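Scroll down for the structure; my scribbles are underneath it.
From a predicted model like this one, the values you see are computed outputs, not experimental measurements. Note: hydrogens, waters and symmetry copies are ignored here, and every other heavy atom, side chains too, is used. In listed order, ligands and their atoms are each counted from 1.
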Amino acid sequence: MTEQSSQIKNKKRVADHGEVFTHEREVQAMLDLVEHESFRIDSRFLEPACGDGNFLAPVLKRKLERVKQRYVRSQSDFERNSLIALSSVYGVDILEDNVEACRSRLFGIYDTTYAEAFGESTRADCLNAARTILSKNILWGDALSMLRADGSGDPIVFTEWTAVNGRKIKRREYTLANLLAYQPFEGESLFSDLGEQAFIPKPVREYPLVDYLELAE
Ligand SMILES: C[S@@+](CC[C@H](N)C(=O)[O-])C[C@H]1O[C@@H](n2cnc3c(N)ncnc32)[C@H](O)[C@@H]1O
C-alpha cells in the first residue's frame with residue numbers, strides 16, 4: 001500500500017492545470033536512474049510542478065534514510081544533517097492547495113523520522129526550523145512566468161542554505177529566473193575553461209550566519 005491513492009483529483013484540475021500525478025512505481029524507477037544523488041544528503045532537487053510532492057517525498061525519504069544510517073548515535077549531528085537534507089529539496093506549484101499538501105507531507109516525513117530516531121527527546125526548535133525551511137523551499141508560483149501565484153507580481157525567490165563551521169547555516173536568496181539562467185551543460189557555465197566569462201547567480205538577499213536551531217522565524 002502506498003501513500004498515493006489516485007492519479008487524478010478531478011477532471012477540471014486535469015483540464016486546467018494538467019494535474020495527473022505520477023505513480024510511485026514510476027517515481028522510484030526515475031529516482032533509481034540518479035540513485036547516488038537521490039541518497040546524497042546535500043544534493044539539491046527542484047520540482048517545478050511538484051503537486052503534493054510525489055517526487056520530493058521519496059527523495060526526502062532516501063536522504064533521511066542515509067542521515068539515519070550515519071548519525072543516529074548523535075542527536076545534534078542527526079538534526080543538523082537532517083535539516084541539510086530537508087533544505088536541499090525545492091518545489092513550486094501553481095495550485096495553493098498542492099503547495100500546502102506538499103509542505104505538510106514533507107513535514108510529516110521529517111517529523112516521523114526524527115521521532116523514530118529520538119522519541120521524546122526531539123526538540124521543538126528543530127521542528128520549527130524544519131517548518132521555516134519548508135515555507136521557503138516549497139512555493140506557490142508559476143514555473144513558466146517564474147512569478148509568485150499570489151497575484152503580487154513578485155518573482156519566485158528560493159533560499160540557498162549552506163552549512164558552515166559545523167552548527168551554522170548561511171542563507172542566501174536568489175530569484176528562480178536568475179538561477180535558471182545558469183545552465184551547467186550548455187552555453188555559459190560556471191565551470192567554463194574556454195575563456196568565456198563564467199556565469200554566477202547573484203543573491204538578492206543575504207542573512208547573517210545563524211545556528212541551525214535558530215532558523216525558525
Ligand atoms: C502532471 S502534474 C505532476 C505533479 C507531480 N509532479 C507528480 O509527478 O505527481 C502537474 C502539476 O503541475 C502543476 N502546474 C501546472 N502548471 C504549472 C505552472 N505553470 N507552474 C507550476 N506548476 C504548475 C499542477 O498544479 C500539477 O500539480
Side-chain angles (χ1 to χ4, degrees), residues 1-65 85-113 130-161 173-183 186 201 204:
M1 183 81 172
T2 67
E3 286 179 78
Q4 186 177 279
S5 53
S6 165
Q7 288 184 263
I8 63 167
K9 287 183 180 166
N10 63 53
K11 287 183 182 167
K12 182 161 178 14
R13 290 170 69 108
V14 176
D16 291 350
H17 301 290
E19 189 191 58
V20 179
F21 296 111
T22 310
H23 194 281
E24 180 165 5
R25 185 183 50 236
E26 276 77 50
V27 173
Q28 295 293 351
M30 287 168 75
L31 291 181
D32 287 345
L33 296 173
V34 288
E35 188 175 6
H36 177 76
E37 290 299 298
S38 70
F39 281 94
R40 189 159 67 83
I41 293 168
D42 59 354
S43 60
R44 293 191 174 103
F45 280 76
L46 165 64
E47 235 279 45
C50 65
D52 63 359
N54 283 337
F55 282 87
L56 299 181
V59 166
L60 180 62
K61 283 185 182 170
R62 286 177 180 217
K63 286 164 168 272
L64 291 179
E65 195 181 311
L86 186 67
S87 72
S88 68
V89 168
Y90 296 87
V92 177
D93 202 278
I94 203 163
L95 294 176
E96 190 175 16
D97 62 342
N98 280 347
V99 172
E100 288 304 327
C102 186
R103 285 179 185 154
S104 112
R105 183 173 176 187
L106 298 181
F107 182 79
I109 292 166
Y110 185 86
D111 188 26
T112 304
T113 312
R131 285 191 187 90
T132 298
I133 289 168
L134 286 169
S135 74
K136 304 285 178 195
N137 280 26
I138 309 299
L139 296 178
W140 183 28
D142 181 335
L144 297 177
S145 66
M146 296 191 236
L147 301 177
R148 297 183 73 101
D150 57 7
S152 63
D154 292 337
I156 295 173
V157 170
F158 276 121
T159 301
E160 175 192 54
W161 315 83
E173 293 179 347
Y174 298 87
T175 63
L176 177 59
N178 195 222
L179 288 175
L180 293 185
Y182 161 56
Q183 299 172 0
E186 301 170 35
V204 290

Under the ring-ring contact (aromatic ring centres under 6.0 Å, His included) rule, collect the residues that match up with Phe107, sequence neighbours excluded.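 None.
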Against heavy atoms of [X], which atoms of ligand 1 measure under 4.0 Å?
X: Gly141; value: 20 (N), 21 (C)
X: Gly18; value: 1 (C), 2 (S), 10 (C)
X: Leu95; value: 25 (O)
X: Ala143; value: 18 (C), 19 (N), 20 (N), 21 (C)
X: Phe55; value: 8 (O)
X: Leu144; value: 19 (N)
X: Asp142; value: 18 (C), 19 (N), 20 (N)
X: Pro48; value: 21 (C), 22 (N)

NZ on Lys61 to CG on Leu106, rounded to 0.5 Å: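 Between atom CG of Leu106 and atom NZ of Lys61 there are 10.0 Å.
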Given that the side chain starts at C-beta and the backbone is N, CA, C, O, which of these parts of [X] lies under 4.0 Å from ligand 1, counting heavy atoms, or is it both or neither?
X: Thr22; answer: both
X: Arg13; answer: neither
X: Ile94; answer: both

Closest heavy-atom pair and its distance - [X], [Y]:
X: Tyr90; Y: Glu160; result: OH-CA, 3.8 Å
X: Ser38; Y: Arg62; result: OG-NH1, 2.9 Å
X: Gly53; Y: Pro58; result: O-CD, 3.9 Å
X: Glu19; Y: Ile8; result: O-CG2, 4.0 Å

So is Ser145 close enough to ligand 1, meaning a heavy atom under 4.0 angstrom away?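 Outside the 4.0 Å threshold, so no.
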Pick out which of Leu56, Leu139, Asn54, Val89 makes a side chain to side chain contact (heavy atoms under 4.5 Å, CB included) with Cys102.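 Result for side chain to side chain contact (heavy atoms under 4.5 Å, CB included) with Cys102: Leu56.
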For atom 27 (O) of ligand 1, which candidate among Asn54, Asp93, Val27 provides the closest heavy atom?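 Heavy atom nearest to atom 27 (O) of ligand 1 belongs to Asp93.
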side-chain hydrogen bond (donor to acceptor under 3.5 Å, both in side chains) pairs, two or more places apart, involving residues 137-147: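 Residue pairs passing side-chain hydrogen bond (donor to acceptor under 3.5 Å, both in side chains), neighbours aside: Asn137-Trp161.
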Is any side-chain heavy atom of Arg105 closer than 4.5 Å to one of Ile138?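 Side chain of Ile138 against side chain of Arg105, heavy atoms only: no contact under 4.5 Å found.
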